[in-house]
Amino acid sequence: MWISETNNQPITKFQASVYKLISRIPSGKISTYQQVARGLKNPRAARAVGNALNRNPFAPEVPCHRIIKSNGAVGGFADGTKKKIAMLRKERVEIKKGKINLDKYLYVFPK
DNA sequence: GTGTTGACCACAG
DNA sequence: GCTGTGGCCAACA
């Protein structure tokens with residue numbers, strides 16, 4: 001089991017599943033908070049997913065920058081939204097006016 | 001155990 | 001197009 005760096009306690013299973021699921025996203029693709037929530041079979045938990053990523057104990061290990069809002073906007077990022085955008089562009093993800101073409105880049109988790 | 005907070009979402013105006 | 005409102009869920013004080 002992993003240990004959270006902030007409170008020095010074991011992370012919850014919810015967080016573990018979030019990180020595990022996100023780590024499956026291939027480079028050059030992105031997903032939304034809602035898609036992640038759907039992958040966890042909690043379609044309503046998009047907000048909780050964001051909360052988990054915000055505290056993200058595994059900063060570079062988990063590609064949390066590949067998670068954006070369901071409307072295509074980039075959303076927030078603990079290290080700064082601009083950083084997030086820069087990282088995505090390095091992965092050949094096209095971003096127009098702070099938004100991403102979901103039809104082209106959205107990654108859907110397999111059942 | 002209760003209330004607040006937040007990298008969210010959908011809908012109304 | 002943008003703003004406001006209500007709802008949802010899990011973490012935290």
Side-chain angles (χ1 to χ4, degrees):
Chain A
M1 188 55 95
W2 298 286
I3 301 297
S4 166
E5 297 177 359
T6 54
N7 56 14
N8 219 25
Q9 285 179 231
I11 67 175
T12 66
K13 292 196 170 177
F14 177 80
Q15 290 174 325
S17 1
V18 170
Y19 305 136
K20 191 160 31 171
L21 195 60
I22 291 173
S23 60
R24 293 181 191 158
I25 302 174
S27 178
K29 289 265 180 182
I30 56 86
S31 189
T32 70
Y33 296 97
Q34 194 146 54
Q35 282 298 326
V36 175
R38 248 182 59 181
L40 297 175
K41 311 217 162 81
N42 290 317
R44 305 296 152 98
R47 203 167 190 174
V49 171
N51 206 346
L53 290 182
N54 180 21
R55 280 155 179 137
N56 155 35
F58 308 95
E61 299 191 23
V62 176
C64 39
H65 58 276
R66 292 185 189 144
I67 308 300
I68 64 171
K69 294 204 211 175
S70 68
N71 64 351
V74 176
F77 193 58
D79 199 33
T81 306
K82 303 207 164 188
K83 280 279 190 182
K84 185 172 180 179
I85 294 174
M87 295 172 85
L88 288 172
R89 293 195 63 190
K90 279 182 186 173
E91 300 183 353
R92 312 299 166 188
V93 177
E94 189 179 358
I95 301 175
K96 299 182 175 185
K97 301 175 180 68
K99 290 200 176 179
I100 298 177
N101 185 339
L102 292 178
D103 294 329
K104 192 171 178 183
Y105 294 105
L106 179 63
Y107 173 77
V108 183
F109 296 105
K111 289 181 200 171

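What you see is a predicted model, and the numbers here were worked out from it, not measured in a lab. Here is how names work: the chains are called A, B, and so on, in the same order as the sequence lines, proteins then strands, and each is numbered from 1.
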Under 4.0 Å between any heavy atoms, over every strand shown, what does Phe77(A) touch: base, sugar-phosphate, or nothing? Just pick one. base

Could you walk me through whether Leu106(A) and Ile100(A) pass the side chain to side chain contact (heavy atoms under 4.5 Å, CB included) check? CA-CA 9 Å; Leu106(A) 179 63; Ile100(A) 298 177; over 6 Å; no

Separation of dC11(B) atom P from Asn71(A) atom CG, nearest Å, is 13 Å

Short N-O contact, Glu91(A) and Lys29(A), less than 4.0 angstrom: no

Sugar-phosphate, base or nothing in reach of Ala46(A), heavy atoms under 4.0 Å: sugar-phosphate

Between Asn51(A) and Arg47(A), do the side chains contain a donor N or O and an acceptor N or O under 3.5 Å apart? no

Is any side-chain heavy atom of His65(A) closer than 4.5 Å to a side-chain heavy atom of Phe77(A)? yes

Check whether any side-chain nitrogen or oxygen of Gln34(A) sits under 4.0 Å from OP1 or OP2 of dA10(B), and answer yes or no. yes

Please report the distance, rounded to the nearest Å, between CD1 in Ile68(A) and C1' in dC9(B). 14 Å

Taken to the nearest whole Å, NZ/Lys69(A) to C1'/dA10(B) is 13 Å

Of the nucleotides dC12(C), dA10(C), dA7(B), which one has an atom closest to the side chain of Arg55(A)? dC12(C)

Taken to the nearest whole Å, CZ/Arg38(A) to C1'/dC8(C) is 17 Å

Taking CD from Gln15(A) and P from dC12(C), how many angstroms apart are they, rounded to a whole number? 6 Å

Measure the distance from OH on Tyr19(A) to P on dA10(C) and round it to the nearest whole Å. 14 Å

Specify the separation, in whole Å, of atom NZ of Lys83(A) and atom C1' of dA7(B). 17 Å

Please report the distance, rounded to the nearest Å, between CZ in Phe14(A) and P in dC12(C). 12 Å

Quick one: closest heavy-atom pair of Gly28(A) and Tyr105(A), and the distance? O-CD2, 3.5 Å

Within less than 4.0 Å of OP1 or OP2 of dA10(B), is there a side-chain N or O belonging to Ser70(A)? yes

Between Lys99(A) and Asn42(A), whichever has its closest DNA chain C nucleotide further toward 5' is Lys99(A)

On DNA chain C, nearest-nucleotide positions of Asn51(A) versus Arg47(A): which is more 5'? Arg47(A)

